[in-house]
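One-based numbering, in listed order, for ligands and for the atoms of each. Hydrogens, waters and symmetry mates are skipped; everything else that's a heavy atom, side chains included, is used. Everything quoted here is computed from the prediction, not taken from an experiment.
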Amino acid sequence: MAKKKIKKPGKNWRKFWKLGVDEWNTQFFNVSKDGELTVTEGHHIYNLHDIASKYGTPLQVIFPFILEDRLKDLIGYFQAYMKIYGYKGKFFYHYPMKVNQNKEFILPLLSEGANLEVTSANELWLVKKLWEGEKFNSKIRVLCNGPKTESYLDLIEELRGKGMNIVPIIEGPEEIERLLKYRGDIGLRVDLNIKADTHWDKKFDRFGLSEKDILDLGKMKNLKILHYHMGSQIKTQKSIFEGVKRAFGLYAQLQKTHPNLDTLDIGGGFGIPYEKKKFYTAKGVSSKIIKILKNLSDKAGIRHPNLVVEWGQYIVAPAEITIYKVLSEKIIPKANAKSWYVVDGSFMNDLKDTWAIHQKWHVIPANNMHGVLKTTWLAGSTCDSDDKYTAGGNYILLPKLHANQEQFVAVLDTGAYQDGLSSHHCLLSSPMKIVASDGMIKIARKRETADSIGKMFGWTNGIH
Ligand SMILES: *Cc1c(COP(=O)(O)O)cnc(C)c1O
């Protein structure tokens, strides 16, 4: 008779680490037979342990194929449901640049059919560079949000003059006068009078005009787009649908007096299942949005609006991971976790939302994935006691450390927002950036040296 097997936490380690699951955006991730983390792009397999050993840590790995795959699917869902339901409007995806401005993100998205949304003159300046380099086709439309400084407005005018399809979105009463003189299409941002289910506290919302203010505005002959943005990482799909319904009501009213208004822009906010728990899906939500808009417009007797979606985090978060190495271990006497693992990067610097909004991450080992596990908390290597990740005071399961073996830790879904927010507390170097594409690794940005960081703080020609 066979002996009963000792039950280990993850006989199926892929399942144990929640990899290979579409709904959690881990479908490309797997565990090798040696217990190492891999990512599969078509016929190519990247071994993240080998890569981290070779290039060193902290390390950001960008996977453009994941971006392309996600955007292609998203556009596909909306277009398919428009066809299925007999929806007459068109679908446009606009990538909100602020979510990740790295070239390695923007270029693949543009080639996959993204339009753009920018929030500042400096982001728009990058778009101008792309335009001048003929990196994008002239059909791409650029929506301009954010406070309109003089230099921002001048750049918008300049690019329109050069033939770019560029649409400023009015965000506040002070912008109306100047933008009414704008010779191209314009948009209006409404601050919807509903509370979305996000981290964003509605009481302090300062973006957009109120519904009433918009209705009081009178006629704007070049009004093309009605836009709203309810906040990021919306927790429930119900909240997304409520926004669409509420905004449609205003759209329908405005449409009567503004025949050029033909587009509803529902902004960003679609969430990511960072914690690998049950979550709503893009397929389900896109279907429902089209259904809602079709029914409401038919009822109101108006044309089906063109639809703009600006889901940024949804598209880019899963396309990058961050890898650290464990430097040392420190026992915690009495807590939910047994040990601190001190890593060679910084949560405060590199993954700022850990500190700022208590972001939860899916943290897994990049090697020893079959190993004996331990409950840990992670500490960054700044001297700051807030530089830590404790999974909300709970614990992170990671392999026990071995004396002569390095332990690497991978943080998944780090592609959204963290780079723009990153900083240099204690003058630590930011992670090196590499790109994994077509089976090859390219260094996108070398690791910062002490000298290059010093320069940011004015230490140019040595110390005088
Ligand atoms: C930040 C922002 C987005 C992107 O939000 P996500 O939560 O990343 O989808 C889209 N539109 C506007 C106007 C934004 O400010």
Side-chain angles (χ1 to χ4, degrees), residues 25 66-67 70-71 73-75 77-78 92-102 105-106 109 114-124 127 141-148 152 156 166-172 175 186-192 196-202 204-209 225-237 239-240 243-244 247 263-274 279-282 285-286 289 307-320 351-353 356-357 359 413-421:
N25 307 318
I66 296 184
L67 292 171
R70 295 178 74 71
L71 183 54
D73 280 356
L74 184 70
I75 295 174
Y77 296 146
F78 275 104
F92 298 92
Y93 177 75
H94 282 253
Y95 174 60
M97 257 180 93
K98 78 162 187 290
V99 187
N100 192 318
Q101 298 99 338
N102 282 289
F105 280 73
I106 309 264
L109 291 172
N115 295 276
L116 291 170
E117 184 265 346
V118 302
T119 53
S120 69
N122 289 354
E123 285 183 355
L124 188 56
V127 176
R141 184 173 56 187
V142 181
L143 305 181
C144 300
N145 274 301
K148 312 296 180 302
Y152 193 5
I156 292 172
I166 183 164
V167 184
I169 309 285
I170 297 174
E171 296 232 16
E175 293 175 0
I186 56 168
L188 275 177
R189 175 162 175 172
V190 57
D191 177 10
L192 291 178
D197 208 350
T198 80
H199 181 81
W200 194 333
D201 194 330
K202 185 73 178 74
F204 304 114
D205 195 352
R206 60 192 172 84
F207 303 102
L209 297 137
I225 299 176
L226 179 66
H227 165 58
Y228 69 89
H229 171 70
M230 298 199 294
S232 279
Q233 191 65 15
I234 296 173
K235 291 193 194 98
T236 63
Q237 55 181 356
S239 237
I240 297 178
V244 172
T263 301
L264 181 63
D265 173 355
I266 68 170
F270 198 100
I272 284 285
Y274 286 103
F279 210 75
Y280 55 82
T281 65
V285 170
S286 53
I289 287 174
L307 176 65
V308 168
V309 164
E310 302 175 352
W311 296 343
Q313 178 153 231
Y314 169 77
I315 295 290
V316 304
E320 183 194 287
L351 301 173
K352 180 74 105 225
D353 277 339
I357 57 171
Q359 173 74 55
D413 305 313
T414 60
Y417 295 110
Q418 306 316 301
D419 232 42
L421 292 170

Participant: Kindly confirm or rule out an N or O of Gly267 lying under 3.5 angstrom from an N or O of ligand 1.
Facilitator: no
Participant: Any luck finding a side-chain donor-acceptor pair between Asn25 and Asp413 under 3.5 Å?
Facilitator: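 Checked: Asn25/Asp413 side chains show no N/O donor-acceptor pair below 3.5 Å.
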Participant: Any atoms of ligand 1 less than 4.0 Å from a non-hydrogen atom of Asn145? List them with their elements.
Facilitator: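 Reading through ligand 1 atom by atom, the close ones are 13 (C).
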Participant: Please state which option from Lys98, Gln233, Met97, Glu310 has its nearest heavy atom closest to atom 2 (C) of ligand 1.
Facilitator: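 The residue whose heavy atom sits nearest atom 2 (C) of ligand 1 is Lys98.
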Participant: Measure from the side-chain N and O atoms of Gln313 to the backbone N and O of Gly271, and report whether any donor-acceptor pair falls under 3.5 Å.
Facilitator: no
Participant: Is there a side chain to side chain contact (heavy atoms under 4.5 Å, CB included) between Tyr280 and Ile234 once you walk through the steps?
Facilitator: CA-CA 10 Å; Tyr280 55 82; Ile234 296 173; 4.0 Å; yes
Participant: So, does Ala416 sit close enough to ligand 1 that a heavy atom of it is under 4.0 Å from the ligand?
Facilitator: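 No; Ala416 lies far enough from ligand 1 that no heavy-atom distance drops under 4.0 Å.
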Participant: Contact between Asn145 and His227 at the side-chain level, heavy atoms closer than 4.5 Å - yes or no?
Facilitator: yes
Participant: At under 4.0 Å between heavy atoms, is it the side chain or the backbone of Pro96 that contacts ligand 1, or both, or neither?
Facilitator: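 The answer is the side chain of Pro96.
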Participant: Taking atom types as modelled, find out whether Glu123 and Thr119 have a side-chain donor-acceptor pair closer than 3.5 angstrom.
Facilitator: yes
Participant: Looking at ligand 1, does any of its N/O atoms fall within less than 3.5 Å of an N/O of Val99?
Facilitator: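 In this structure, Val99 places no N or O atom under 3.5 Å from an N or O of ligand 1.
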Participant: Got an N/O contact under 3.5 Å between Thr119 and ligand 1?
Facilitator: no
Participant: Ignoring angles and geometry beyond distance, decide whether Tyr417 reaches within less than 3.5 Å of ligand 1 through its nitrogen or oxygen atoms.
Facilitator: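 In this structure, Tyr417 places an N or O atom under 3.5 Å from an N or O of ligand 1.
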Participant: Do any N/O atoms on His227 end up under 3.5 angstrom from N/O atoms on ligand 1?
Facilitator: no
Participant: Ignoring angles and geometry beyond distance, decide whether Trp311 reaches within less than 3.5 Å of ligand 1 through its nitrogen or oxygen atoms.
Facilitator: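 No: no nitrogen or oxygen of Trp311 is under 3.5 Å from one in ligand 1.
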Participant: Quick check: does Tyr314 get an N/O under 3.5 Å from an N/O on ligand 1?
Facilitator: no
Participant: For Gly312, take its heavy atoms, then give the atoms of ligand 1 lying under 4.0 Å from any of them.
Facilitator: 6 (P), 8 (O), 9 (O)
Participant: Could you list the atoms of ligand 1 found under 4.0 angstrom from a heavy atom of Gly269?
Facilitator: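 With Gly269 as reference, the close atoms of ligand 1 come out as 5 (O), 6 (P), 7 (O), 9 (O).
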Participant: So how far is it from Thr414 OG1 to Leu351 CG, rounded to the nearest 0.5 Å?
Facilitator: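 Result: 6.0 Å between the selected atoms.
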Participant: Once you round to the nearest 0.5 Å, how far does CZ of Phe92 lie from CZ of Phe78?
Facilitator: 13.5 Å
Participant: Show the atoms of ligand 1 that are less than 4.0 angstrom away from any heavy atom in Gln313.
Facilitator: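 Heavy-atom distances to Gln313 below 4.0 Å select 6 (P), 8 (O), 9 (O).
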Participant: Do Gln418 side-chain atoms and Asp353 backbone N/O form a donor-acceptor pair below 3.5 Å?
Facilitator: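 A pair under 3.5 Å: yes.
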Participant: In Å, rounded to the nearest 0.5 Å, how long is the span from OH of Tyr93 to CG of Asn115?
Facilitator: 10.0 Å
